[in-house]
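In this text, all values refer to a predicted model and were calculated from it rather than measured experimentally. Side chains included, hydrogens not; waters and symmetry mates left out as well; all remaining heavy atoms used.
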Amino acid sequence: ITANYSQDYRAWNNIGTNFYRAGELDKAMQAYNRALQVKSEAPEAHVNLALLALNKNETGQAEELLGRASGAKNLEQAMGLLYLKNGEYAKAVQAFGDVKSNNAALAQILTNNYNRASEILNDIKNPDATTAYLSAIIAARTNNFNDVTANLATAIEHNSAMKMQAATDLEFAKYRSNPAFQSLVK
């Protein structure tokens, strides 16, 4: 791709995104930086570098990069993540708007809007372990033990690491002595 389109920043940005999805974050960063060498004001590359910075908890760097990302397609979602990391939950809710994602639902949970969080989670097209885990947290916060266990079972089915996370998560502290909960997380 880059041989034919070496001066098109989008090719480098797309290569970076593929590396990001594969968990090769250093290579992703190199590709995004190459995109910026081709077009220094490429908003998508700035957003993607900001996401890498957030992944490293470098919120100041992420904020600076997002400031250069005006017009990027997913800027609002990236801003929502930044606000979540900074503990600015109401701003995160605003930034996510009508987005249907686990992070948007998390922002709603952290502002105690459990009904809206549930709506978002139910509307996610490809729910995963995190989707189910967040639903379990909502159930715990609203004292619905049956939904806690059902959603945790789904989360653990998708990702067995959720078992250990649930066992120590304070969201489920009041259920730790419950035999049904114990059998899920042991």
Side-chain angles (χ1 to χ4, degrees), residues 14-32 47-59 62 74 77-89 92-93 95-96 98-186:
N14 291 342
I15 289 168
T17 299
N18 287 332
F19 281 132
Y20 184 87
R21 288 181 180 150
E24 298 184 56
L25 304 184
D26 289 337
K27 289 181 180 179
M29 182 178 292
Q30 290 172 0
Y32 297 141
V47 167
N48 290 330
L49 284 169
L51 292 174
L52 287 173
L54 285 172
N55 194 43
K56 296 179 191 176
N57 290 318
E58 297 172 353
T59 56
N74 293 325
Q77 289 184 54
M79 290 299 298
L81 286 172
L82 175 66
Y83 293 137
L84 280 175
K85 285 270 191 181
N86 287 337
E88 298 176 89
Y89 307 132
V93 166
F96 284 121
D98 292 329
V99 169
K100 309 291 191 242
S101 71
N102 290 329
N103 288 319
L106 177 60
Q108 295 289 346
I109 291 169
L110 293 170
T111 57
N112 299 320
N113 191 344
Y114 306 128
N115 289 333
R116 181 68 184 126
S118 290
E119 290 171 7
I120 291 169
L121 293 170
N122 289 333
D123 287 345
I124 291 177
K125 289 184 181 168
N126 296 307
D128 59 12
T130 302
T131 311
Y133 196 89
L134 290 171
S135 293
I137 289 173
I138 293 168
R141 288 187 174 195
T142 57
N143 298 311
N144 185 337
F145 181 69
N146 290 335
D147 283 354
V148 169
T149 56
N151 285 301
L152 280 180
T154 300
I156 292 165
E157 182 180 311
H158 285 296
N159 180 351
S160 61
M162 295 288 184
K163 203 182 268 197
M164 188 182 327
Q165 184 174 338
T168 58
D169 194 329
L170 291 177
E171 295 285 352
F172 309 115
K174 65 184 170 187
Y175 301 117
R176 286 192 185 132
S177 62
N178 183 295
F181 180 82
Q182 290 173 349
S183 71
L184 270 175
V185 298
K186 68 176 178 178

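Here the side chains of T17 and R21 are in contact, with some heavy-atom distance below 4.5 Å. Contact of the N102 side chain with the D128 side chain is registered, since non-hydrogen atoms from C-beta on lie closer than 4.5 Å.
In terms of heavy-atom proximity, A104 sits nearest to V99 at CB-O, 3.4 Å. Here the closest heavy-atom approach between residue L84 and residue Y89 is recorded as O-CE2, 3.7 Å. Nearest heavy-atom pair, I138 versus A117, reported as atom, atom and distance to 0.1 Å: CD1-CB, 3.6 Å. Contact detail for I120 and S101: the closest heavy-atom pair is CG2-O, 3.5 Å. Looking at every heavy atom in both residues, D169 comes nearest to I137 through OD2-CD1, 4.4 Å.
By the side-chain hydrogen bond (donor to acceptor under 3.5 Å, both in side chains) test, D98 pairs with no residue at all, sequence neighbours left out. Residues satisfying the ring-ring contact (aromatic ring centres under 6.0 Å, His included) criterion with Y83, sequence neighbours excluded, are absent altogether. With sequence neighbours excluded, no residue forms a side-chain contact (heavy atoms from CB on, under 4.5 Å) with K125. For the side-chain contact (heavy atoms from CB on, under 4.5 Å) test, residues two or more places apart in sequence or in another chain that qualify with A62 are A50, A53, L54, L82. Qualifying ring-ring contact (aromatic ring centres under 6.0 Å, His included) partners for Y133, counting only residues two or more places apart in sequence or in other chains: F172. Applying the salt bridge (Lys or Arg N to Asp or Glu O under 4.0 Å) rule to E119 yields the partners R116; only residues at least two apart in sequence or on another chain are considered. Partners of Y20 by side-chain contact (heavy atoms from CB on, under 4.5 Å), not counting sequence neighbours, listed by chain and number: L25, A28, Y32, L51, L52. For K27, the salt bridge (Lys or Arg N to Asp or Glu O under 4.0 Å) criterion is met by E24, not counting sequence neighbours. Under the side-chain contact (heavy atoms from CB on, under 4.5 Å) criterion, N143 pairs with K174, Y175, sequence neighbours left out.
Note that the CG atom of N151 and the CG atom of N146 stand 11.0 Å from one another [nearest 0.5 Å]. Once rounded to the nearest 0.5 Å, the distance linking CG of L81 with CG of N74 reads 10.0 Å. To the nearest 0.5 Å, atoms CG (L106) and CG (L121) are separated by 9.5 Å. Atom CG in N122 sits 11.0 Å away from atom NZ in K100 (nearest 0.5 Å). Atom NZ of K85 and atom CG of N103 lie 10.0 Å apart (nearest 0.5 Å).
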For residues 153-165, please give each side-chain donor-acceptor pair under 3.5 Å, one per line with the distance, not counting sequence neighbours.
{"from": "T154", "atom 1": "OG1", "to": "A150", "atom 2": "O", "distance (Å)": "3.1"}
{"from": "N159", "atom 1": "OD1", "to": "A161", "atom 2": "N", "distance (Å)": "2.9"}
{"from": "K163", "atom 1": "NZ", "to": "K186", "atom 2": "O", "distance (Å)": "3.3"}

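Each salt bridge (Lys or Arg N to Asp or Glu O under 4.0 Å) pair with one or both residues in residues 136-145, not counting sequence neighbours, appears once here: R141-E171. Evaluation of the ring-ring contact (aromatic ring centres under 6.0 Å, His included) test over residues 100-128, restricted to residues two or more places apart or in two chains, returns none.
With no hydrogens or angles considered, no side-chain donor-acceptor pair links S118 and N115 at under 3.5 Å.
Side-chain atoms of R176 never come within 3.5 Å of backbone atoms of F181 as a donor-acceptor pair (strictly under, hydrogens ignored).
When the options N144, N178, L184 are evaluated for a side chain to side chain contact (heavy atoms under 4.5 Å, CB included) with T149, the one that passes is L184.
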